[in-house]
Amino acid sequence: LRPRGSRRDRRRVKPTGSAREARTRPHEHPKKARPMRRFPLIALFIGLAGSTWAQTAPSAREVAAYDGLFRAAHDGDVAKIEQLVAEGADVNARDSRVRTPLHVAAFASEDKALEALALAGADMNALEHQAYDVVTIAAVANDPELMSLAIELGNDLGLVTSPYLGTALIAAAHLGHVEVVRRLIDAGAPLDHINNLHWTAMMEAVVLGDGGPNHQAVLDALLSAGADRSLADRNGITPLQHAETRGFSEMVNRLKRSD
């Protein structure tokens with residue numbers, strides 16, 4: 001495995017609340033979207049989803065209180081991690097929000113710390129209090145390199161994550177994170193998982209996307225990989241019908257193509 005450096009400048013900022021943000025799922029930053037002209041139940045589901053907590057990175061207060069492996073993971077201090085592990089520190093310890101040091105390293109985008117913890121035996125499939133794993137944290141943060149590293153280290157792409165019982169691919173498709181989506185597909189992520197809103201990754205790219213180039217590219221990647229365009233939401237409405245309703249002509253044209 002090749003060690004990778006820190007990318008603290010990519011660290012995600014937790015979105016603040018507003019009426020407009022409540023229209024979208026809070027995986028990360030809200031996306032501007034055209035209002036739904038039909039299907040009020042879908043708009044209701046979006047509103048309900050917006051009231052659910054987003055991913056919660058350690059706060060400044062929590063970080064200040066960290067010691068041991070949690071502090072070393074946040075700081076990317078590999079030497080300290082190795083020292084503490086040699087002294088018997090628990091690599092799968094939990095903080096007050098059920099995060100392990102791995103989750104803390106992921107939120108801090110500390111690749112080397114993540115790798116050191118994994119090599120010391122940390123559970124790559126651990127879930128924190130909102131049921132997020134390292135891969136989904138990285139997918140939401142649009143951090144493809146850390147995400148690929150987590151996959152190499154054994155993070156299972158089939159994990160059901162988040163309060164929505166979704167996957168990393170669904171989260172990335174919602175946010176229009178094209179490179180993350182492509183890497184997840186290449187790594188074998190399940191294409192047609194249905195979350196508790198009864199939406200697939202394709203459905204989220206259409207319903208929660210903005211119809212722009214990134215979400216178009218996500219849709220194309222999913223279709224090219226063989227994702228099922230016929231899977232409808234709980235009201236029987238397909239991605240094509242949603243794209244037509246929202247006026248996303250490019251998405252409509254892509255969904256009508258046979259490839």
Between His103 and Thr100: side-chain donor-acceptor atoms closer than 3.5 Å: yes

Pair Gln130, Thr56: side-chain N/O donor-acceptor within cut-off below 3.5 Å: yes

Donor-acceptor contact present, side-chain Arg246 to main-chain Val206, <3.5 Å: yes

Validation row: Asp210, Phe248 side chains within 4.5 angstrom (heavy atoms): no

Interatomic distance, Leu255 atom CG to Ser230 atom OG [nearest 0.5 angstrom]: 11.5 Å

ILVMFWY cluster, Leu231 and Leu191 together (side-chain gap under 4.5 Å): no

Check ion pair Asp67-Arg71 (N to O, under 4.0 angstrom): no

Contact check, side chains of Asp192 and Met202, non-hydrogen atoms, under 4.5 Å: no

Glu128 side chain vs Tyr132 backbone, donor-acceptor pair below 3.5 Å: yes

Verdict with supporting geometry, Leu184 and Met147, side chain to side chain contact (heavy atoms under 4.5 Å, CB included): CA-CA 9 Å; Leu184 286 169; Met147 185 191 73; 3.6 Å; yes

Smallest separation among heavy atoms of Gly121 and Val91, with atom names: C-CG2, 3.8 Å

Rounded distance (nearest 0.5 Å) linking atom CD1 of Ile81 with atom CD of Glu110: 8.5 Å

Test side chain to side chain contact (heavy atoms under 4.5 Å, CB included) applied to Leu102 and Asp123, step by step: CA-CA 8 Å; Leu102 275 175; Asp123 180 5; 5.5 Å; no

Same apolar cluster (I L V M F W Y, side chains within < 4.5 Å links), Val63/Val104: yes

Within-4.5 Å side-chain heavy-atom neighbours: Trp199 and Ile194: no

Backbone of Ala64 reached by a side-chain donor or acceptor of His74 within 3.5 Å: no

Rounded distance (nearest 0.5 Å) linking atom CG of Asn214 with atom NE2 of His177: 8.0 Å

Validation row: Asn142, Leu175 side chains within 4.5 angstrom (heavy atoms): no

Heavy-atom check, side chain of Thr238 versus side chain of Arg229, under 4.5 Å: no

Within one Ile-Leu-Val-Met-Phe-Trp-Tyr cluster: Ile151 and Leu127, side-chain cutoff 4.5 Å: no

Nearest heavy-atom neighbours spanning Val78 and Ala116: CG1-CB, 4.0 Å

Arg61, CZ atom: more than 12 neighbouring heavy atoms under 6.0 Å: no

Ile185 reachable from Met251 in the ILVMFWY side-chain graph, under 4.5 Å edges: yes

Nearest atoms (heavy-atom pairs only) where Ala221 meets Arg182: CB-CG, 4.3 Å

Test item: His129 side-chain N/O and Arg99 main-chain N/O as donor-acceptor pair under 3.5 Å: no

Pair Lys112 + Asp77: basic N to acidic O under 4.0 Å: no

Donor-acceptor pair, side chain of Asp233 and main chain of His198, under 3.5 angstrom: no

SB check Arg254 Glu250 (cutoff 4.0 Å): no

Gap between atom CD of Glu244 and atom CD1 of Ile237 - 0.5 Å precision: 11.5 Å

Salt-bridge contact Asp95-Arg97 (side-chain N to carboxylate O under 4.0 Å): no

Under 3.5 Å donor-acceptor, Asn155 side chain and Ala150 backbone: no

Any donor-acceptor N or O pair under 3.5 Å, side chains Glu204, Asn195: yes

Heavy-atom closest pair, residues Ser96 and Glu62: OG-OE2, 3.7 Å

Gap separating the CG atom of Leu157 from the CZ atom of Arg183, nearest 0.5 angstrom: 13.0 Å

Min side-chain heavy-atom separation Ile170-Thr167 under 4.5 Å: yes

same_hphob_cluster(Met124, Leu146) at 4.5 Å side-chain heavy-atom cutoff: yes

Minimum side-chain heavy-atom gap Leu223-Asp259 below 4.5 Å: no

Heavy-atom closest contact (Ala93 atom, Pro101 atom, distance): O-CD, 3.4 Å

Donor-acceptor side-chain pairing of Asp75 and Tyr66 below 3.5 angstrom: no

N/O donor-acceptor pair under 3.5 Å between Glu82 side chain and Ala79 backbone: no

Lys80 vs Leu84, side chain to side chain contact (heavy atoms under 4.5 Å, CB included): CA-CA, chis, key distance, verdict: CA-CA 6 Å; Lys80 187 66 172 179; Leu84 291 167; 3.8 Å; yes

Worked verdict on Met203 versus Thr200 for side chain to side chain contact (heavy atoms under 4.5 Å, CB included): CA-CA 5 Å; Met203 186 67 77; Thr200 63; 3.6 Å; yes

Modelled atom types, side-chain donor and acceptor of Asp133 and Asn125, under 3.5 Å: no

Donor-acceptor contact below 3.5 Å, side chain Asp90 vs main chain Val85: no

Closest non-hydrogen atom pair between Val181 and Ala173, with its separation: CG2-N, 3.8 Å

Approximate separation, where rounding is to 0.5 Å, of His193 NE2 and Leu169 CG: 10.5 Å

